Every structure is written in structure tokens, then in C-alpha cells.
Number of protein chains: 2
Amino acid sequence: MGPLDSFLPYLLNRAGARIAASFSEEVRSLGATLQMWRVLAALRDRDGRRMGDLSETTSIEVSTLTRLVDAMEQKGLVTRHRDAGDARAVMLHVTAAGRRLTERLLPIAERYEAVALAGFSAAETKTLKAALRRLYGNMEGLER
Amino acid sequence: MGPLDSFLPYLLNRAGARIAASFSEEVRSLGATLQMWRVLAALRDRDGRRMGDLSETTSIEVSTLTRLVDAMEQKGLVTRHRDAGDARAVMLHVTAAGRRLTERLLPIAERYEAVALAGFSAAETKTLKAALRRLYGNMEGLER
DNA sequence: TCGATTTATTTGTAAATGCAAATAACGAGG
DNA sequence: CCTCGTTATTTGCATTTACAAATAAATCGA
């Protein structure tokens with residue numbers, strides 16, 4: 001126990017890394033990746049989002065997202081459509097196959113959530129999530 | 001605000017990503033990277049650690065760490081030494097230049113911590129950090 | 001002590017990532 | 001209704017990353 005594990009970014013990173021590593025491994029057999037799940041989950045919330053919007057909400061760089069979406073399109077999970085109103089923008093839509101995959105990933109995500117939060121009371125969980133949102137908000141504007 | 005931002009891994013990831021992005025950008029001018037800071041911080045806690053040990057505590061893959069340490073060695077920040085007792089193991093030691101860089105990075109890290117936790121009481125901060133450690137512990141064994 | 005197994009690190013190689021430049025379309029001002 | 005600056009996305013390219021194989025040394029057991 002040194003000062004290292006008193007640093008918040010460190011604690012945040014290692015917790016996130018562990019969950020990400022486990023989840024990634026588990027969903028590999030479904031032909032999915034963690035990043036794909038993030039995109040699918042974002043589209044599950046609201047379908048027909050722009051690339052930039054998705055980049056913002058998933059924290060995936062736009063150029064990385066472009067190539068990820070290429071792969072997802074190849075797999076038939078999503079389709080690109082030019083925005084009717086603004087021809088610069090691309091709208092992403094989930095396909096039926098994409099929705100089916102999402103429905104298979106969802107219970108896995110929920111299970112991981114349960115494992116990560118084992119022993120946490122509902123109130124503790126709520127407090128933690130609120131703190132993480134607040135923290136995210138505090139870093140606003142400092143983003144590159 | 002959809003269910004997406006009720007998922008803990010999502011909240012964890014985006015908060016971590018924001019801090020990481022800002023910090024990375026800021027330390028670039030010092031010739032450092034976030035990963036280098038993680039290694040230096042780990043060595044600040046305890047010098048002369050093994051590669052595997054460092055990999056574990058920094059959440060950086062060993063093969064990635066090898067190449068990162070190559071770069072840090074080139075920059076004269078650290079040195080590799082074979083362990084006298086076990087010739088398979090490599091012990092990493094910080095150099096004087098590495099220590100100087102560490103001392104310059106430390107206040108930056110502290111500032112980021114302060115910004116991230118702006119508005120948090122000491123008790124809230126403590127609770128959050130404890131929760132993150134607990135969460136990390138909960139994922140133990142599920143690691144690949 | 002020899003051989004087999006395990007452990008620690010590095011290296012090979014392919015995929016993921018991120019920055020910067022390129023492309024394309026919008027919108028404001030003259 | 002052009003031209004200029006801005007915005008959205010993609011592409012080029014160099015770096016980072018990760019998995020798997022290779023290397024090397026320790027340990028265990030016959």
C-alpha cells in the first residue's frame with residue numbers, strides 16, 4: 001500500500017482495466033468486442049446517432065470509431081445512412097442481427113455489473129455512480 | 001441520459017478516459033507519457049521492482065511494458081538489472097533523471113486529482129476510493 | 001544430478017489506436 | 001450566389017498494444 005494506490009486515476013484505471021479485460025474475453029466467443037458492445041449499447045439507448053455523437057458518448061476516438069463501424073458494418077450489425085438534412089453527417093442504425101447480438105450481450109454486461117458491485121448496498125452503488133458522473137463532469141473542458 | 005450511463009463499467013471508463021486524455025496531453029511537453037508516469041509512480045513507491053510486479057500494479061501488459069521500459073531506458077529514466085538471486089527476473093531501478101522527472105510529474109498528478117475531485121468532501125473522496133478498491137477486489141480471479 | 005515442468009521476460013507479428021491531413025458539405029457575409 | 005471559415009467524417013501513417021511463440025533460468029521429482 002503506497003501512495004500509488006491513493007491516486008484516483010490509478011484506482012479508476014485499474015478497476016476499469018480489470019472489468020474490461022474480463023468482459024472482452026467473455027464476449028469474444030460471440031464474435032464481439034468490448035468496443036462493439038459500447039457502440040451497440042449506445043445505439044440501444046437511441047438509434048440513428050451520428051459518428052461524432054457516438055464518439056462522444058463511447059469515448060472512442062472518431063477515427064477509431066470509423067474503422068470499428070466498418071467492421072461492424074461488415075458483420076451486418078449496423079448500417080450507415082447519410083443524414084437527410086445534413087449530408088456531412090452519417091447516421092448509424094442497428095440491424096436486426098445487431099439487435100440480436102445486443103440482447104445476448106446485455107445479460108453478460110449485467111452479470112459483470114453484479115460481480116463488480118458484489119457486497120455493495122443499493123445506496124452505496126448509487127453513491128458510487130453519482131460520484132463517477134460528477135467526476136466526469138469535473139473534467140469537462142479539460143478534455144483535449 | 002439512457003440506461004447506458006447507468007452501467008458502471010461505462011461510467012468508470014469514460015471518467016478514466018477523460019482524465020487520461022488530459023493528463024497525457026499535459027505531460028507530453030515534458031517528454032513523458034501517462035504510461036511512463038505509471039511506471040515511475042510505481043517505482044517511487046518501491047524501487048527495484050520486477051517486470052511482472054510492475055505489470056501487475058500498473059495494469060500494463062508485460063510485453064507492452066517491456067517495450068515501454070526499452071523507451072524509458074533509452075531516455076535514461078530507468079535501468080534494468082538482473083536479479084542476483086533469480087537470473088530470470090529483471091529489476092527496474094529509477095535513475096537520477098527518472099527521479100527528477102517524477103518530481104515534476106507529481107504536482108501535475110496532484111492537480112488533476114484536485115480538479116477531478118473538486119467539490120468532493122474528504123469523506124466522499126475516501127468513500128469513493130474505498131469503493132474503487134473494493135470493486136477491483138471483486139473482480140479478482142475473473143481476470144484473464 | 002538429469003529431465004520435465006514452471007516461471008520471468010522478451011520478441012514476432014498482427015490488430016488497434018490516435019493524430020494530422022484530406023475530403024466533403026454546411027452556413028454566414030458580402 | 002459565390003467565397004471563406006466551420007463542421008463531420010474518413011484516410012494516411014506512425015505508434016501502441018496484445019496475444020502467442022521463443023528464450024532462458026529456476027524448481028521439482030525420480
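The figures here come from the full heavy-atom set of this structure, side chains too, leaving out hydrogens, waters and symmetry mates. This is a predicted model, so every value here is computed, not measured. Reminder, nothing fancy here: chain letters follow the sequence lines and each chain counts from 1.
- Put simply, CG on Leu92(A) is 13 Å from C1' on dA8(D), counting in whole angstrom units.
- In this structure, CG of Asp53(B) is placed 16 Å from P of dT7(C), rounded to the nearest angstrom.
- Residue Arg28(A) has a polar side-chain atom (N or O) positioned under 4.0 Å from OP1 or OP2 of dC19(D).
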Taking only N/O atoms, report every protein-nucleotides 12-14 of chain C pair under 3.5 Å with atom names and distance.
residue : atom : partner  : partner atom : Å
dG12(C) : N7   : Arg67(B) : NH1          : 3.4
dG12(C) : O6   : Arg67(B) : NH2          : 2.4
dT13(C) : O4   : Arg67(B) : NH1          : 3.4

For a quick check, with a 4.0 angstrom heavy-atom cut-off, what is the B/S/- contact string for nucleotides 21-29 of chain D, read 5' to 3'? ----BS---

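- Proximity of Arg100(A) to Glu103(A): side-chain heavy atoms (C-beta onward) are nowhere separated by under 4.5 Å.
- Residues Leu34(B) and Arg38(B) have side chains in contact (heavy-atom distance under 4.5 Å, counting atoms from C-beta outward).
- Atoms CZ (Arg80(B)) and C1' (dA8(C)) sit 12 Å apart, rounded to a whole Å.
- A pairwise comparison of heavy atoms in Leu54(B) and Thr58(B) identifies O-OG1, 2.6 Å as the closest pair.
- If you measure from atom CE of Met51(B) to atom C1' of dT11(C), you get 13 Å, rounded to the nearest angstrom.
- Contact check on Glu56(A) versus Arg49(A) returns no salt bridge, with no Lys/Arg side-chain nitrogen under 4.0 Å from an Asp/Glu carboxylate oxygen.
- Per the geometry, CE belonging to Met72(A) stands 13 Å off P belonging to dA16(C), to the nearest Å.
- Here the nucleotide nearest the side chain of Thr66(A), chosen from dT9(D), dA8(C), dC19(D), is dT9(D).
- Rounded to an integer number of Å, the gap from Asp83(B) CG to dT9(C) C1' is 13 Å.
- Pairs engaging residues 76-94 of chain A under the side-chain hydrogen bond (donor to acceptor under 3.5 Å, both in side chains) rule: Asp47(A)-His93(A), Asp70(A)-Arg80(A), Glu73(A)-Arg80(A), Thr79(A)-His81(A), Asp86(A)-Arg88(A) [sequence neighbours left out].
- In this view, Arg50(A) satisfies the side-chain hydrogen bond (donor to acceptor under 3.5 Å, both in side chains) rule with no residue, not counting sequence neighbours.
- Rounded to an integer number of Å, the gap from CD1 of Ile60(B) to P of dT17(D) is 7 Å.
- Residues satisfying the side-chain contact (heavy atoms from CB on, under 4.5 Å) criterion with Lys75(A), sequence neighbours excluded, are Met36(A), Leu77(A).
- Ring geometry for Phe7(A) against Trp37(B) counts as perpendicular: the plane angle is over 60°, on a 0 to 90° scale with 30° as the lower cut.
- The side chain of Thr64(B) places no N or O atom within less than 4.0 Å of a non-bridging phosphate oxygen (OP1 or OP2) of dT17(D).
- Atom CG in Asn13(A) sits 10.0 Å away from atom OH in Tyr136(B) (nearest 0.5 Å).
- Rounded to an integer number of Å, the gap from Leu68(B) CG to dT10(C) C1' is 14 Å.
- Tested against Leu92(B) for a side chain to side chain contact (heavy atoms under 4.5 Å, CB included), the candidates Leu65(B), Val69(B), Asp53(B) yield a single pass: Val69(B).
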Would Leu128(A) and Leu117(A) count as a side-chain contact (heavy atoms from CB on, under 4.5 Å) if you check the C-alpha gap in whole Å, the side-chain angles of each, and the deciding distance to 0.1 Å? CA-CA 10 Å; Leu128(A) 172 60; Leu117(A) 293 173; 4.0 Å; yes

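- Rounded to 10 degrees, the angle separating the terminal helix axes of the helix from dT1(C)-dA30(D) to dG30(C)-dC1(D), each built from five base pairs, is 20°.
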